[in-house]
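Written below as structure tokens is the structure these notes are about.
Hydrogens, waters and symmetry mates are skipped; everything else that's a heavy atom, side chains included, is used.
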Amino acid sequence: MSMHAISLLLEAIFLKVKSLQGLGQFEEAAQSCKVILDTIETALPEGIPESVSADCKLQDILNKAVELLPELWKLTGSPQEAILSYRRALLYYWNLDTETTSKIEKELAVFLLYSGSDASPPNLRSQVDGSFVPRNNIEEAILLLLILLRKFAVKKIEWDPTIMYHLSFALSISGEQRALAHQVEELLPGIMERRERYSILALCYHGEGEEMIALNLLRNLLFNRGNPDCVLELLLASNICAKNTVCVEEGISYASRALSELCGRCNQMESVANCLQGILLSTQSRSVASDSERISKQSEALEMLESAEKMMIERDPSIIFHLSLENAEQRKLDAALYHAKQLLKLEAGSSVRSYILLARILSAQKRFVDAENVINATLDQTGKWDQGELLRTKAKLQIAQGQLKKAIETYTRLLAIIQIQTKSLGAGKKLAKNQRNSWSLEMETWHDLANVYTSLSQWRDAEVCLSKSKTLSPYSASRWHSTAQFFDVW
């Protein structure tokens with residue numbers, strides 16, 4: 001057949017496809033559209049040569065059919081077929097222009113991220129040995145989005161801000177905040193607004209545990225008073241400051257600025273700002289010189305947290321937790337217990353720290369048996385990797401009841417779990433935060449155990465515990481305290 005006849009035949013089939021689509025017969029339309037692509041791919045397995053692509057009408061029909069087929073499969077509710085059609089469009093040489101190819105790459109990435117369908121890994125026939133093959137939807141979507149970013153970098157396509165939005169989502173849910181930060185940093189100046197760039201970078205480094213880097217980025221942004229409506233950035237900065245006693249006053253100023261900018265516009269965000277202000281004031285109260293000032297700060301902190309609770313549109317577990325904690329620290333144990341129970345109902349028992357808080361409040365009320373029962377019930381429902389603080393709390397409760405031998409057994413069990421966990425974690429980048437938590441817990445456990453052995457006059461065992469702690473952190477303040485207790489009793 002002549003090229004003209006082939007073009008007319010394929011055009012007729014494509015018109016049939018469009019008619020079936022208009023009639024809502026998507027299955028038949030998809031099958032007919034597939035016929036066009038199967039015919040070309042069978043006749044030209046090595047791709048479309050220049051002589052064929054020179055026929056503008058035929059090339060136009062192929063472009064439309066390649067773009068339309070995945071959409072038709074999506075309309076039929078066949079996500080796997082849609083993904084295969086997208087991959088086929090990208091892997092076979094259809095002689096598509098760069099703009100069309102980029103559009104298909106973006107649509108496939110979006111579909112992989114948000115369709116809710118798990119795609120099987122692509123089977124690349126011409127795969128080079130050792131080349132990267134995506135293992136799941138997220139990896140394939142990230143690869144496609146990075147390809148689009150590279151195309152923009154070499155000026156093959158125009159800038160599309162949604163590419164960065166989708167890439168941010170994909171890298172964030174896969175725990176690759178640092179990789180996202182690198183991508184943002186590599187963008188040329190002027191592509192992304194300064195405020196958006198700094199905000200994304202701050203969130204990335206905050207997610208990676210690099211709090212001071214994140215805070216410095218936010219300082220650069222918030223220092224300029226010409227940036228209006230930076231409520232989210234102010235809240236993030238105050239949240240970072242709340243974890244660092246050196247920056248407490250700075251955090252209070254950020255939270256105050258956020259409250260002044262909100263001015264009743266959003267009760268939920270104002271509630272969060274009040275909560276952060278309360279946490280910061282509570283932290284500040286521990287470092288003031290006079291008792292009167294400390295009491296004033298504590299009263300103000302509790303007032304802010306109560307205001308945060310009243311302004312909640314939906315109950316926020318974090319606010320309830322800090323309200324209970326603040327009441328407990330001020331020895332208002334009945335109020336603390338009430339909020340702790342409310343927190344457990346709200347979280348449906350999903351958080352270990354809420355059970356630990358409840359147990360400690362009961363312990364403060366001298367209800368040691370009830371507190372230990374809470375911990376034991378939680379241990380039965382918790383995986384081994386999350387039992388660290390629970391076991392340490394249980395050991396302290398046993399010490400408070402004079403059950404020192406049982407406390408030693410509990411600490412031994414805890415140390416065994418930590419050792420197994422440390423070996424299994426290895427040196428992986430994503431597990432660095434877990435490793436730091438495990439290291440801190442191990443060090444404090446050795447100190448606690450040394451104190452128990454000291455009280456039992458088991459000097460050799462106490463010395464071994466302190467030496468173990470010294471290898472972890474020779475300049476730990478709590479280790480020096482335990483060592484002083486050891487020599488004082490000895």
Side chain [X], main chain [Y], donor-acceptor under 3.5 Å:
{"X": "S467", "Y": "V464", "value": "yes"}
{"X": "R195", "Y": "L221", "value": "no"}
{"X": "Q80", "Y": "D118", "value": "yes"}
{"X": "S299", "Y": "I295", "value": "no"}
{"X": "N239", "Y": "L235", "value": "no"}
{"X": "H481", "Y": "A477", "value": "no"}
{"X": "S271", "Y": "A308", "value": "yes"}
{"X": "S324", "Y": "F321", "value": "no"}
{"X": "R392", "Y": "T445", "value": "no"}
{"X": "Q330", "Y": "Q298", "value": "yes"}

Is any side-chain heavy atom of [Y] closer than 4.5 Å to one of [X]?
{"X": "M192", "Y": "I200", "answer": "yes"}
{"X": "C204", "Y": "E185", "answer": "no"}
{"X": "R353", "Y": "E389", "answer": "no"}
{"X": "Y205", "Y": "E211", "answer": "no"}
{"X": "L113", "Y": "N137", "answer": "no"}
{"X": "Q365", "Y": "D370", "answer": "no"}
{"X": "C241", "Y": "V248", "answer": "no"}
{"X": "L145", "Y": "L171", "answer": "no"}

At what distance, to the nearest 0.5 angstrom, does [atom1] of [X] lie from [atom2] of [Y]?
{"X": "Q177", "Y": "H182", "atom1": "CD", "atom2": "NE2", "answer": "12.0 Å"}
{"X": "K332", "Y": "L323", "atom1": "NZ", "atom2": "CG", "answer": "10.0 Å"}
{"X": "L390", "Y": "T410", "atom1": "CG", "atom2": "OG1", "answer": "12.0 Å"}
{"X": "E107", "Y": "L144", "atom1": "CD", "atom2": "CG", "answer": "11.5 Å"}
{"X": "L222", "Y": "C230", "atom1": "CG", "atom2": "SG", "answer": "6.0 Å"}
{"X": "F487", "Y": "T483", "atom1": "CZ", "atom2": "OG1", "answer": "7.0 Å"}

Is the closest side-chain donor-acceptor distance between [X] and [Y] under 3.5 Å?
{"X": "K297", "Y": "Q284", "result": "yes"}
{"X": "N220", "Y": "Y198", "result": "no"}
{"X": "E372", "Y": "Q401", "result": "yes"}
{"X": "S363", "Y": "K396", "result": "no"}
{"X": "S117", "Y": "S115", "result": "no"}
{"X": "D316", "Y": "S318", "result": "no"}
{"X": "T382", "Y": "Q387", "result": "no"}
{"X": "S282", "Y": "E326", "result": "yes"}
{"X": "H447", "Y": "S469", "result": "yes"}

Tell me the closest heavy-atom pair linking [X] and [Y], and the distance in Å.
{"X": "S199", "Y": "E233", "value": "OG-OE2, 2.6 Å"}
{"X": "L218", "Y": "I240", "value": "CD1-CD1, 4.0 Å"}
{"X": "A462", "Y": "A450", "value": "CB-O, 3.8 Å"}
{"X": "S238", "Y": "G251", "value": "CB-O, 3.5 Å"}
{"X": "E208", "Y": "G175", "value": "OE2-O, 3.8 Å"}
{"X": "S174", "Y": "I138", "value": "CB-CG2, 4.1 Å"}

Could you tell me whether [X] and [Y] make a salt bridge, using a distance below 4.0 angstrom between a side-chain N and a carboxylate O?
{"X": "E186", "Y": "R150", "answer": "yes"}
{"X": "K74", "Y": "E71", "answer": "yes"}
{"X": "K468", "Y": "E442", "answer": "no"}

(request) Start with the C-alpha distance between R294 and R286, add both sets of side-chain angles, then the distance that settles side chain to side chain contact (heavy atoms under 4.5 Å, CB included), and finish with yes or no. (result) CA-CA 7 Å; R294 176 179 56 79; R286 301 186 194 109; over 6 Å; no
If you count every heavy atom of other residues, nucleotides or ligands that lies below 6.0 Å from [X] atom [atom1], does the total exceed 12?
{"X": "K341", "atom1": "NZ", "value": "no"}
{"X": "R265", "atom1": "CZ", "value": "yes"}
{"X": "W459", "atom1": "CH2", "value": "yes"}
{"X": "K470", "atom1": "NZ", "value": "no"}
{"X": "F486", "atom1": "CZ", "value": "yes"}

(message) What verdict does the side chain to side chain contact (heavy atoms under 4.5 Å, CB included) test give for L414 and K394, after you've listed the backbone C-alpha separation in whole Å, the side-chain angles of each residue and the deciding distance to 0.1 Å?
(response) CA-CA 10 Å; L414 170 55; K394 179 179 179 178; over 6 Å; no
(request) Evaluate the criterion side chain to side chain contact (heavy atoms under 4.5 Å, CB included) for residue pair R479 and L472; output intermediate values, then yes/no. (result) CA-CA 10 Å; R479 191 187 75 83; L472 292 171; over 6 Å; no
(request) Classify the ring geometry between Y86 and F111 as parallel (under 30°), tilted (30 to 60°) or perpendicular (over 60°). (result)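 Rings of Y86 and F111: tilted, as their planes differ by 30° to 60°.
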(message) Would I142 and E176 count as a side chain to side chain contact (heavy atoms under 4.5 Å, CB included) here? Give the steps.
(response) CA-CA 11 Å; I142 290 171; E176 294 290 345; 5.9 Å; no
